[in-house]
Amino acid sequence: MRTRLLSVISLLLATVLVLGALFTSCSPKKKASKVTQYLDKIIEATFENLSTKNSQVTTSKLTINNTADLGIPHFVGSQTTIITGKNGERVSNTEITLDSGKLDLSLYTSDSTVIIGSSAIGSSKYGFEAENADTIIGLFGSMFIPSAPDSSANGILGSMNGIGTLLEGNNPERVYTILEKYMEIVSDAAQSACKSNIKSGDEITVVVEFNTSSTKKLIKDVFASLKQDDELKTLLETTLISSGMTEEQAKEQMDAILSDETVKALYDELDKTPFTFTVTFKANKDYILNGLFVEYKSGADKVCFFLDATESGKTELGCSAAVEVEGVAHTSEQKLVFENKVVDGAAVFEISYVSVFDESSASNTLLKTEIKDGKYSAVFRVEDERLDVGYYNVTVAGDVALAGNKTTYTVTSATALGKTIALDVKIETEIGGTVPEFPTDFKNILNVTGDEFKIIMNNLKNSPLGQFIPKNEPGIALPDVE
């Protein structure tokens, strides 16, 4: 029973992840059936609004000044301007002031290319394809990043990176793009579904129940798209890493999910076990998607993956299961809850992780922000196995000002483990701006020769960064390039 359920879960997970595999889609195909007509309307209304909402350039400015409490050695302050384009391309310019002088850095990134420039390395700019990022980091990272001790500071940075990954500006649009493709695949496969049901009115519900042959077709189409979608796989691997996996473990997990063995196991289960495979779409009266539920049921066992935003101000993302073990029924649920609400006049945004097993449940707040009367606070959790409870909370506080298209946050303090330190950080975000043109005369980092690398290293040693370069740097052998 457990083996069978695990196979089903793996398959379902792959199917749900499918939610993004089908991303390169075009306008929905018009079908004759009423079900596909409704699905087409939901796709059109949901994703047209999304495109309109996100087709704007955003300019952000981050200013950090050292403080006595912060006490970063050699650091005086920094200022970074980041401009994000309509298609996700990003250009940033940074000036860092150290006790030994000023350092500039420009960074250009798109889906496929990263370009770096700085007077500290010379007048040339260097770039690489995003798919080679791991190689670049392994080659050059050890020169500037010594082995870090296990410290609270590392824990804070790690946790902030994880939160940043979940809330990164491009991710919502990318996830919705995945949903759009998935819906189109379901819409196409629904033509051969054995049952369907529609409820309309103030709330719209479309239910499609698949039979064995239509389910196999759905699985085949989803896996075929998913295996070719490098962007989705990168996004999913990044999310797994932010949840605590190593890069190697995340890749192994994705490889296992997308393997031919997973598909075969699903097919075998479909052939030998009576089942129902149901996809439920929910939308408001304007056909805006606010719920997606993918359920597999076989006998007493049931697994459901869901995205539920039917309640105003709240979105739940997770999975639930019901299984029978030795005649005893068990239920479980795990989900992330994103919620906006007003509490005592304060605007509150909260991300919680909720787990339920039978009659017991637990809820942990991962991130909570409050804004009231121009003041804000943000509390997030940092995992630390050295503590009995396994974690501690960090509270960041300051001021917030809204003026037209511009939002300004100032960070004045951070509190953790009973200690508060003063900070001097400002974050300004404005809708608008012009994305600078990407350089076209950059050189691929992987094509840098040994002699060119020596020149770069000499420039670095003579720059304000020179004091941080280890004296006994490891030798790096670079190939000569014709």
Side-chain angles (χ1 to χ4, degrees), residues 62-66 70-83 89-151 153-154 157-158 161 164 234 241 246-248 436-482:
L62 171 64
T63 304
I64 303 174
N65 293 312
N66 205 359
L70 195 57
I72 301 176
H74 308 291
F75 178 72
V76 177
S78 69
Q79 189 172 91
T80 300
T81 300
I82 303 173
I83 303 176
E89 68 275 20
R90 183 172 300 175
V91 177
S92 69
N93 291 291
T94 300
E95 183 178 84
I96 302 173
T97 303
L98 305 173
D99 55 10
S100 56
K102 291 187 177 181
L103 176 72
D104 63 272
L105 176 67
S106 61
L107 181 64
Y108 304 78
T109 61
S110 65
D111 286 342
S112 59
T113 306
V114 179
I115 304 170
I116 301 170
S118 173
S119 60
I121 60 176
S123 58
S124 299
K125 289 182 171 61
Y126 299 88
F128 57 90
E129 297 304 308
E131 63 186 20
N132 296 322
D134 291 347
T135 302
I136 301 299
I137 293 173
L139 188 61
F140 295 102
S142 60
M143 293 187 300
F144 307 103
I145 307 175
S147 297
D150 185 14
S151 66
N154 292 329
L157 293 174
N161 181 65
T234 299
I241 291 170
T246 65
E247 183 176 338
E248 183 178 359
E437 291 188 10
F438 276 45
T440 57
D441 57 348
F442 66 92
K443 181 162 188 175
N444 192 310
I445 290 178
L446 293 178
N447 293 335
V448 171
T449 66
D451 288 341
E452 289 172 324
F453 180 71
K454 288 178 181 178
I455 294 174
I456 293 174
M457 288 304 301
N458 285 333
N459 289 337
L460 284 172
K461 289 176 181 177
N462 293 322
S463 76
L465 276 179
Q467 60 185 315
F468 304 111
I469 298 177
K471 301 301 179 184
N472 298 320
E473 64 214 40
I476 297 180
L478 296 179
D480 288 329
V481 179
E482 296 182 359

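Both backbone and side-chain heavy atoms feed into the values below; hydrogens, waters and symmetry mates do not. This is a predicted model, so every value here is computed, not measured.
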Heavy atoms only: give me the nearest [X]-[Y] pair and the separation to one decimal.
{"X": "N93", "Y": "S106", "result": "OD1-CB, 3.4 Å"}
{"X": "P464", "Y": "S100", "result": "O-OG, 3.3 Å"}
{"X": "I82", "Y": "S92", "result": "CG1-CB, 3.8 Å"}

Worksheet item: Among all residues two or more places apart in sequence or in another chain, which pass the side-chain hydrogen bond (donor to acceptor under 3.5 Å, both in side chains) test with T94?
Response: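 Expected list: T80.
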Give, for atom [atom1] of [X] and atom [atom2] of [Y], the distance between the pair rounded to the nearest 0.5 Å.
{"X": "S119", "Y": "L105", "atom1": "OG", "atom2": "CG", "result": "9.5 Å"}
{"X": "N65", "Y": "S78", "atom1": "CG", "atom2": "OG", "result": "8.0 Å"}
{"X": "L107", "Y": "R90", "atom1": "CG", "atom2": "CZ", "result": "9.5 Å"}
{"X": "K454", "Y": "K461", "atom1": "NZ", "atom2": "NZ", "result": "10.5 Å"}
{"X": "I116", "Y": "F128", "atom1": "CD1", "atom2": "CZ", "result": "5.0 Å"}
{"X": "L103", "Y": "S118", "atom1": "CG", "atom2": "OG", "result": "5.0 Å"}

Fill in: Sequence neighbours excluded, every pair satisfying salt bridge (Lys or Arg N to Asp or Glu O under 4.0 Å) that has a member inside residues 91-107
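Passing the test, one end in residues 91-107: E95-K102.
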Item to complete: Using the test side-chain contact (heavy atoms from CB on, under 4.5 Å), find all partners of S124 that sit at least two apart in sequence or belong to another chain.
Response: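 For S124 the side-chain contact (heavy atoms from CB on, under 4.5 Å) partners, ignoring immediate neighbours, are Y126.
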Discussion item. Using the salt bridge (Lys or Arg N to Asp or Glu O under 4.0 Å) criterion, which residues pair with K443? Sequence neighbours excluded.
Written reply: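 If we apply the salt bridge (Lys or Arg N to Asp or Glu O under 4.0 Å) test to K443, skipping adjacent residues, the hits are E452.
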Any side-chain heavy-atom pair of [X] and [Y] under 4.5 Å:
{"X": "L460", "Y": "I456", "result": "yes"}
{"X": "L62", "Y": "Q79", "result": "no"}
{"X": "V76", "Y": "N66", "result": "no"}

Item to complete: Apply ring pair (Phe, Tyr, Trp, His ring centres under 6.0 Å) to Y108 and list each qualifying residue two or more places apart in sequence or on a separate chain.
Response: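 Once residues adjacent in sequence are excluded, the partners of Y108 under the ring pair (Phe, Tyr, Trp, His ring centres under 6.0 Å) criterion are F438.
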Fill in: Partner residues of F75 under the ring pair (Phe, Tyr, Trp, His ring centres under 6.0 Å) criterion, sequence neighbours left out
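If we apply the ring pair (Phe, Tyr, Trp, His ring centres under 6.0 Å) test to F75, skipping adjacent residues, there are no hits.
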